[in-house]
Amino acid sequence: MRLSQFHLATVKQVPADAEIASHRLMLRAGMIRKLASGLYTWSPLGLRVLRKVETIVREEMNRAGAIEMLMPSVQPKELWEETGRWQKFGGQLLKIKDRKQQEFCYGPTHEEVITDFARNELKSYRQLPVNFYQIQTKFRDEIRPRFGVMRAREFLMKDAYSFHLGAESLADTYAVMYQAYVRIFTRLGLAFRAVQADTGAIGGNTSHEFQVLADAGEDAIAFSDGSDYAANIEKAETLAPTAERPAATAPLQRVDTPTQKSIAEIAGFLQVLPQQCIKTLLVRGREGLVALCLRGDHEINQVKAAKLAELPGESVLASEEEIVAITGARPGFIGPVNLPDSLPVIVDRDAAVIADFVCGGNLDGIHYTGCNWERDARITRIADLRNVVEGDPSPDGKGLLHIARGIEVGHVFQLGQAYAKALNATVVDDQGKPQVMSMGCYGIGVSRIVAAAIEQRHDDAGIIWPEAMAPWRVAVCIINPKQDPAIHEAAEALYQLLQQRGIETVLDDRGLRPGGMFADMELIGIPHRVVVSERGLSAGTLEYRARQDSESRVITQNELLAILD
RNA sequence: CGGGGUAUAGCUCAGUCUGGUAGAGCGUUGCGUUUGGGACGCAAAAGUCGGGGGUUCGAAUCCCUCUGCCCCGACCA
């Protein structure tokens, strides 16, 4: 590509509301332009990168035996009512009407459509297993789109759905997809981790997320330094403490804490450590409120809490009015002592093994010290309620956990039979009997990968693409102030040579001054830069600089080819 | 959905408090001088000051209202 024939549109200034590096750099490089909240146009430059990712994803899906197809993005309401998700999906589902007032949604995902396809197309167990995929635009009406294409409303996704008779076949394809994902992210040149994940509302049993490691990531992941254990923090279990609870030594005492509400304030005021305090959260249970007790230095894990039998499948904090009505005290002064007998008290495993602790008094301005379980406060049940923290023992007993930030770019699920049952997707088995199929689903956020890669690989000057994602591998820059035809010819010859060798090259023939040209090539992250100028012309040498290097060096054309081959 | 902010040239923003000729930088166009890390000079084009309503002799500025966008929170594949 000759840059003079391309539309490169870099900018120096960028809106102040672009908060993270990838969003800023994609705007500055001119890869994307915002059309509306969460909606972005991909410029010619941005599209080149997007297509690189898409191509690798497609190649590896095909290699893994998946079959590409394409489903409509607009989907009829009736199909979504069959699975109950017309209501359940909530506000994220963009609902639209046609001229006849028929209702549709813009597809946020395609379980319904593919299962409908499968129930019509698949009749016999002999057709299984089969794995269909597409690469297509999705729309999810996010409450708060942010970070550019990282969390956009419209985005490009690869979604695959496999169909099986039996859990074993599903597990086999799941393993194949897992390996395909490892290949994809390895080929893309990204630092990533596959982590155990919560299956969430979708259900099913087994699930892994593929997380690109980056400080700006919205997810926290826990991984062991002594084994290959890795899990999303939503999922990561804590190990039950091995120590017994010490015997009580202190009497229960009321203390006045007129303004101290938070654990930090209480601990500071009473000169105790946060881990000697109990924090009590009241959440809405199936019947009335439920008390959840944690050690003061620990945080509630909403996903774990939502799974408690006493809760209705979600963990929602009680309102201040509800709390006052049942305890008589305002939030900040709640504790496990003297709670109504009807209220279940569920205690985290680590909170259950401390003695002589500090907790709220269920009276405004009052806390207790010297509080002890059983003697002063009831335990209905002990459970794992908290997030793991840095330094916790790994749940597999090997090593300690560390916490890192990640960007979720892929997610694989064993869905089981939920959708196939709802849509009555059956095939006949070898006995001629109809059987409900099992399903797996496998997603990759193609457009999000572009942002995640930048988040992981950039510096002050701009993007540092992995070679596999770069819009071009090599930039040939011409410095030719005197318009010497020999320089242009040399640059053109080099450009042609590289192209003929299958090396994607961009020729910067815009005639810019060197500073502007170099700044642009660094901003858009081209991995290799070659300068053709008067300096090396007679000697037949070139100036070469890799994107991540700080200095350029003089090399011959053959040396350049050796670097690029 | 709750709270906060913001909307002025293609972009980034002043100007609004205290009403009186629409501004700067960057970018764009033309001419000239330049040419190895985002050059300089001269000239030029470019605005329904988010929309609607009101107050006023006069509104970017004050009041009402609607909308878009951003941030924090809650919520959530």
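Labels below follow one simple rule: chain letters A, B, ... track the order of the sequence lines, proteins then strands, and each chain is numbered from 1.
- By the ring pair (Phe, Tyr, Trp, His ring centres under 6.0 Å) test, A:His411 is found to be paired with A:Phe413, residues two or more places apart in sequence or in another chain being considered.
- When the C1' atom is compared between B:rG23 and B:rA9, the two are found 10 Å apart, to the nearest whole Å.
- Spacing between B:rU61 and B:rC49 at atom C1', rounded to whole Å, works out to 10 Å.
- In this structure, A:Arg33 places its CZ atom 9 Å from C1' of B:rC11, rounding to the nearest Å.
- Shortest non-hydrogen contact noted between A:Ala451 and A:Ser22 is O-CB, 3.3 Å.
- A:Arg28 has its CZ atom 13 Å from the C1' atom of B:rU12, to the nearest Å.
- Atom NZ of A:Lys88 is separated from atom P of B:rC76 by 14 Å (rounded to the nearest Å).
- For the residue pair A:Glu154 / A:Thr137, no side-chain donor-acceptor distance below 3.5 Å is found, with atom types taken as modelled.
- A gap of 15 Å separates the P atoms of B:rC11 and B:rC70, to the nearest Å.
- In this structure, A:His208 and A:Tyr174 have tilted ring planes: the angle between them lies in the 30° to 60° band.
- In summary, A:Asp198 and A:Lys307 engage in a salt bridge, as defined by a charged side-chain N under 4.0 Å from a carboxylate O.
- Nucleotide B:rG2 forms a pair with B:rC72, judged by Watson-Crick or G-U wobble geometry with both contacts under 3.5 Å.
- B:rU34 is unpaired under the Watson-Crick or G-U wobble criterion, no partner having all donor-acceptor distances under 3.5 Å.
- With sequence neighbours excluded, no residue satisfies side-chain hydrogen bond (donor to acceptor under 3.5 Å, both in side chains) with A:Arg286.
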Polar-atom pairs under 3.5 Å, protein N or O versus N or O of nucleotides 68-72 of chain B: list them with distances, or write none.
{"from": "B:rC69", "atom 1": "OP1", "to": "A:Ser37", "atom 2": "N", "distance (Å)": "3.4"}
{"from": "B:rC69", "atom 1": "O3'", "to": "A:Lys34", "atom 2": "NZ", "distance (Å)": "3.1"}
{"from": "B:rC70", "atom 1": "OP2", "to": "A:Ser37", "atom 2": "OG", "distance (Å)": "3.0"}
{"from": "B:rC72", "atom 1": "OP2", "to": "A:Arg144", "atom 2": "NH1", "distance (Å)": "2.2"}
{"from": "B:rC72", "atom 1": "OP2", "to": "A:Arg144", "atom 2": "NH2", "distance (Å)": "2.5"}

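- Residues A:Tyr106 and A:Arg153 bring no donor and acceptor atom of their side chains to less than 3.5 Å of each other.
- For the pair A:Lys235 and A:Glu209, the salt-bridge criterion is not met [side-chain N within less than 4.0 Å of a carboxylate O].
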Should A:Phe132 and A:Phe117 be marked as a ring pair (Phe, Tyr, Trp, His ring centres under 6.0 Å) after you check the CA-CA gap, both sets of side-chain angles, and the distance that decides it?
CA-CA 10 Å; A:Phe132 299 112; A:Phe117 178 80; 5.4 Å; yes
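- For RNA chain B, no neighbouring residue in residues 453-463 of chain A is found when judged by any heavy atom under 4.0 Å.
- Legend: residues meeting salt bridge (Lys or Arg N to Asp or Glu O under 4.0 Å) with A:Glu455, ordered by chain and number and at least two apart, are absent.
- Within a heavy-atom distance below 4.0 Å of RNA chain B, the residues of residues 512-527 of chain A found are A:Arg513, A:Pro514, A:Gly515, A:Gly516, A:Phe518, A:Ala519, A:Asp520, A:Glu522.
- Separating the P atom of B:rA22 from that of B:rG58 is a span of 16 Å, rounded to the nearest Å.
- Rounding to whole angstrom units, CG of residue A:Asp141 and C1' of B:rC76 are separated by 12 Å.
- Separation of the C1' atoms belonging to B:rA74 and B:rG3 is 11 Å when rounded to the nearest angstrom.
- The distance from atom CZ of A:Arg151 to atom C1' of B:rC76 is 9 Å, rounded to the nearest whole Å.
- Taking atom CG of residue A:Leu94 and atom C1' of nucleotide B:rC76, one finds them 16 Å apart after rounding to whole Å.
- Legend: residues meeting salt bridge (Lys or Arg N to Asp or Glu O under 4.0 Å) with A:Glu19, ordered by chain and number and at least two apart, are absent.
- Between B:rU28 and B:rU18, the distance separating the two C1' atoms is 37 Å to the nearest Å.
- Between A:His411 and A:Arg535, it is A:Arg535 whose nearest contact on RNA chain B lies nearer the 5' terminus.
- Checking each of A:Arg144, A:Arg448, A:Arg151 against A:Glu218 for a salt bridge (Lys or Arg N to Asp or Glu O under 4.0 Å) leaves exactly one that passes, namely A:Arg151.
- Salt bridge status for A:Glu492 with A:Arg2: present, with a side-chain N to carboxylate O gap under 4.0 Å.
- Across every strand in view, B:rU29 sits in a pair with B:rA43 that passes the Watson-Crick or G-U test at under 3.5 angstrom.
- Within residues 542-551 of chain A, the residues having any heavy atom closer than 4.0 Å to RNA chain B are, in order of number, A:Glu543, A:Arg545.
- Listed by chain and residue number, A:Trp80 satisfy the ring pair (Phe, Tyr, Trp, His ring centres under 6.0 Å) test with A:Phe89 (two or more places apart in sequence, or in another chain).
- A residue-by-residue look at A:Ser315 and A:Pro481 shows that A:Pro481 has its nearest nucleotide of RNA chain B further toward the 5' end.
- When each of A:Lys158, A:Gln134, A:Arg58 is checked for a side-chain hydrogen bond (donor to acceptor under 3.5 Å, both in side chains) with A:Glu68, only A:Arg58 meets the rule.
- If you check B:rC13 for Watson-Crick or wobble pairing at under 3.5 angstrom, you find it paired to B:rG23.
- Under the 4.0 Å criterion applied to side-chain N and carboxylate O atoms, A:Glu103 and A:Lys95 are not assigned as salt-bridge partners.
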Dump the pairs, protein N or O against N or O of nucleotides 24-29 of chain B, anything under 3.5 Å, distances to one decimal.
{"from": "B:rG25", "atom 1": "N2", "to": "A:Gln13", "atom 2": "OE1", "distance (Å)": "2.9"}

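- Listed by first then second residue, pairs satisfying side-chain hydrogen bond (donor to acceptor under 3.5 Å, both in side chains) with a partner in residues 32-45 of chain A number zero, not counting sequence neighbours.
- Atom C1' of B:rU8 sits at a distance of 9 Å from the matching atom of B:rC13, rounded to the whole Å.
- Residues passing the ring pair (Phe, Tyr, Trp, His ring centres under 6.0 Å) test with A:Tyr181 are A:Phe210, sequence neighbours excluded.
- Using N1 to N3 plus N6-O4 or O6-N4 for Watson-Crick, or N1-O2 and O6-N3 for G-U wobble, each under 3.5 Å, B:rC62 pairs with B:rG54.
- The nucleotide B:rU48 finds no pairing partner, because no Watson-Crick or G-U wobble arrangement with both distances shorter than 3.5 Å includes it.
- Straight-line distance from the CD atom of A:Gln302 to the P atom of B:rG73: 14 Å, rounded to whole Å.
- The separation of B:rG41 from B:rG4, taken at their P atoms, amounts to 46 Å, rounded to a whole angstrom.
- Across the protein-nucleic acid pair, A:Asp198 atom CG and B:rC76 atom P stand 12 Å apart, rounded to whole Å.
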